[in-house]
Amino acid sequence: MSDIQAQFSVLKQTADPEVVDAIAQLIANGDDRDLNRINVLDFADRTGLDQEKVISGFLHASRLGLFDMSWNVLCPGCGGVLGAHATLKSLKHEDYNCALCAAGYEASVDEMVEVAFTVSPRVRRIGAHDPDTLPIWEYVRQMFWSSGVDINEESFSRLINEVTLEALELPAGEKAILSLNLPSQFIIVFEPVTHSAHFLDVQGEPTSERQQLSIMFNKLEAPTGTTVMRPGPLRLTLENQSGNRVLPSVWIAADALHEMIGKRKPILTAKRMLSNQTFRDVFKADNLNVDQRLKITSLTFLFTDLKGSTALYERVGDLSAFDLVRAHFRALLEIIAAEKGAVVKTIGDAVMATFVRPEHAITAGLHMRAAMDELNKQRGANDLILKIGIHEGPCLAVMLNERQDYFGQTVNIAARVQSLSTAQEIHITGPVLDVPAVAEILQQREIKPIQKQAALRGIADKMVVYEIP
């Protein structure tokens, strides 16, 4: 048995066998392009497999060395990769700039950071492992644009044939002179290796006189410049002082370009990955650095706690109470994972969990309550009382006590809301109830939330909260 076959045998012990078979088929039969920056959500859709099982499968495969995982900072405008990082730890605090869009962005892990997978060169060598050898259009397609840009052959053909006036490979230290006839449109001279661009605002009366423009490529991150020119002939001088080959192209900012980059498909975001139980379990050492603070604009927190657990220990004894608490934890953790959430930490009898979407959290809360009812029914008692609170909002992803954690007012409110519960009811906040999918879940179950004003410890003003009876 080869080393790769042995790794797949090990993988089947931790990942879904159907997912493992699909991954093996991809590695064996996929094109080079298919094995670079794999969009696992798209892969799940194409294979008809469960997304969570696919994510888990690729994570376990990466841990075995079959794939390299990358955290790519994306431009929300064009979908280009502004920075590719082997670990989340190397994500920068400062802004990322997109020359093509002439805009700067602070990296938010909500939608701006994708997690993608590339086959390891030890498993199969592909062109993207040596990007300097990729032809110009394969470089643009595979290295510049992210897995979220829905590129098909027709749209990419339009980019080459309708959008591009000129494109070339320029070795390090060399110079090229292009003769162009500028149309009366907005023109972009774009270079994907150094991620630089220069805009030509072509306007006014056509001219027959040859215009001159020189552009130099180097390793400096210079702001995108704009030159006003007239329709007509242009002598464009391109000089490469970057130390590597560059791939400049001259594009018309036309509908074909906007249509191609406007077509998007879902991606595995860093936010979703941080709220994935397999990632938290398998990649504990590959989370954030101590001094990192990553913004998340929206995350849902669920807090639970057992009411009267001290009295429970006194009433049934330490051994029986420990078994009950352990059964309660087991039920909660299974529900959280099933609803696409992740456990951040447990404190005593309490659980802190995160979910990407509020509807996943409310479904988990309802299932938790039902699970406690079942445990009580099996015992013929009603002393396992679970307090649950749910809140959604912005936060910071941080490292605390050598563990990836979350910080901010949203976390504080979620914890305080949980403390309002007294007897198996769930308390949620307005931002959670305002989500249409949450309202639909409650309506389907014929649950009518009870609105109340609550004073939460550490929160200055009273808050409107909703009891789920």
Q7 and L66: side chain to side chain contact (heavy atoms under 4.5 Å, CB included), yes or no, with the steps? CA-CA 8 Å; Q7 286 176 304; L66 296 170; 3.5 Å; yes
Which heavy-atom pair separates G57 from V19 by the least distance, and what is that distance? CA-CG1, 4.1 Å
Decide side chain to side chain donor-acceptor pair (under 3.5 Å) for H427 and K387; before the verdict, give the C-alpha distance in whole Å, the side-chain angles of both, and the deciding distance to 0.1 Å. CA-CA 9 Å; H427 280 87; K387 302 160 62 179; over 6 Å; no
Tell me whether R122 contacts the main-chain N or O of G65 through its side chain, where contact means a donor paired with an acceptor under 3.5 Å. yes
Who pairs with Y139 by ring pair (Phe, Tyr, Trp, His ring centres under 6.0 Å), at least two apart in sequence or on another chain? none
Residue pairs, two or more places apart or on separate chains, that pass ring-ring contact (aromatic ring centres under 6.0 Å, His included) and touch residues 367-425: F301-Y406
Please answer whether the main-chain N or O of P266 pairs with a side-chain N or O of N39 as donor and acceptor at a distance below 3.5 Å. yes
Using a strict 4.0 Å threshold on nitrogen-to-oxygen distance, state whether D42 and R46 make a salt bridge. yes
State which residues pass side chain to side chain contact (heavy atoms under 4.5 Å, CB included) with V10; sequence neighbours excluded, sorted by chain then number. L64
So among T269, I267, V149, which one has a side chain to side chain contact (heavy atoms under 4.5 Å, CB included) with L74? I267
Go through the steps for T14 and R63 under the test side chain to side chain contact (heavy atoms under 4.5 Å, CB included), then give the verdict. CA-CA 11 Å; T14 55; R63 175 53 76 190; over 6 Å; no
Considering all heavy atoms of both residues, which atom of Q404 and which atom of A397 are nearest to each other, and what is their separation? NE2-CB, 4.0 Å
Rounded distance (nearest 0.5 Å) linking atom CD1 of I261 with atom CG of L100: 6.5 Å
d(N36 CG, H129 NE2) to nearest 0.5 Å is 7.5 Å
Only pairs at least two apart or in different chains count here, so list each salt bridge (Lys or Arg N to Asp or Glu O under 4.0 Å) that has a residue in residues 353-371. R357-E359
Looking at side-chain heavy atoms only, is the closest gap between I336 and V351 below 4.5 Å? yes
T297 side chain to P394 main-chain N or O, any donor-acceptor pair under 3.5 Å? no
Does anything in residues 8-64 pair up under ring-ring contact (aromatic ring centres under 6.0 Å, His included), and if so which pairs, sequence neighbours excluded? F43-F58, F58-F67, F58-F117
All salt bridge (Lys or Arg N to Asp or Glu O under 4.0 Å) counterparts of D130, not counting sequence neighbours: R125
Contacts of F186 that satisfy ring pair (Phe, Tyr, Trp, His ring centres under 6.0 Å) - sequence neighbours left out: F199
D21 and Q25: side chain to side chain donor-acceptor pair (under 3.5 Å), yes or no, with the steps? CA-CA 6 Å; D21 288 340; Q25 286 291 321; over 6 Å; no
Test side chain to side chain contact (heavy atoms under 4.5 Å, CB included) on M352 and V411 and set out the steps. CA-CA 9 Å; M352 173 186 175; V411 183; 3.8 Å; yes
Please tabulate, one pair per line, all N/O donor-acceptor pairs under 3.5 Å involving side-chain atoms of residues 430-448, not counting sequence neighbours.
from, atom 1, to, atom 2, distance (Å)
E440, OE2, Q444, NE2, 3.4

For the aromatic rings, using the six-membered ring if either is Trp, is the centroid distance between F283 and W71 under 6.0 Å? no
Name the one of I450, L420, I428 that satisfies side chain to side chain contact (heavy atoms under 4.5 Å, CB included) with V465? L420
In terms of heavy-atom contacts, K53 and D50 come closest through N-OD2, 3.0 Å
Closest approach of L59 and N276, non-hydrogen atoms and distance? CD1-OD1, 3.5 Å
Do you know which of D34, D68, D31, D32 makes salt bridge (charged side-chain N to carboxylate O under 4.0 Å, His left out) with R124? D32
N152: what forms a side chain to side chain donor-acceptor pair (under 3.5 Å) with it, not counting sequence neighbours? S155
Any pair counted as ring-ring contact (aromatic ring centres under 6.0 Å, His included), so long as it reaches residues 326-366, sequence neighbours left out: none
Closest non-hydrogen contact found for G30 with L35 is O-CD1, 4.1 Å
Throw together a table of side-chain donor-acceptor distances under 3.5 angstrom for residues 251-260, partners on residues two or more places apart or in other chains.
from, atom 1, to, atom 2, distance (Å)
W251, NE1, T164, OG1, 3.4
W251, NE1, S249, OG, 3.1
H258, ND1, A254, O, 3.3
E259, OE1, R158, NH1, 2.8

Please report the C-alpha distance between I413 and L456 in whole Å, then the side-chain angles of each, then the deciding distance to 0.1 Å, and finally whether the side chain to side chain contact (heavy atoms under 4.5 Å, CB included) criterion is met. CA-CA 8 Å; I413 291 174; L456 304 179; 4.2 Å; yes
Identify all side-chain donor-acceptor contacts of residues 141-148 below 3.5 Å with residues at least two apart in sequence or on another chain.
from, atom 1, to, atom 2, distance (Å)
R141, NH1, E153, OE2, 3.3
R141, NH2, E153, OE2, 3.0
Q142, NE2, E138, OE1, 2.7
W145, NE1, C78, O, 3.0
S146, OG, G79, O, 3.1
S146, OG, G148, N, 3.2
S147, OG, E114, OE1, 2.6

Decide whether E425 and T422 meet the rule of one side-chain donor and one side-chain acceptor closer than 3.5 Å. yes
Please find the pair of heavy atoms, one from L247 and one from P192, that lie closest to each other, and give the distance. O-CD, 3.2 Å
Just how far is it from atom CG of L332 to atom CE of M368, taken to the nearest 0.5 Å? 4.0 Å
Consider side chain to side chain contact (heavy atoms under 4.5 Å, CB included). Of L26, V119, I23, which one does I38 pass it with? L26
Can you check whether H85's main-chain N or O pairs, donor with acceptor, with S90's side chain at less than 3.5 Å? no
Distance (rounded to the nearest 0.5 Å) between K263 NZ and I151 CD1: 10.5 Å
Inter-residue atom distance D349.CG - I347.CD1, 0.5 Å rounding: 11.0 Å
Donor-acceptor pair, distance only, cut-off 3.5 Å: does the side chain of T346 make one with the backbone of A350? no
Give, for atom CG of L134 and atom CG of D132, the distance between the pair rounded to the nearest 0.5 Å. 8.5 Å
Side chain Q277, main chain V343, donor-acceptor under 3.5 Å: yes
Is a donor on one side and an acceptor on the other found under 3.5 Å between the side chain of E191 and the backbone of V193? yes
Classify the side-chain pair S298/E392 by whether it contains a donor and acceptor separated by less than 3.5 Å. yes
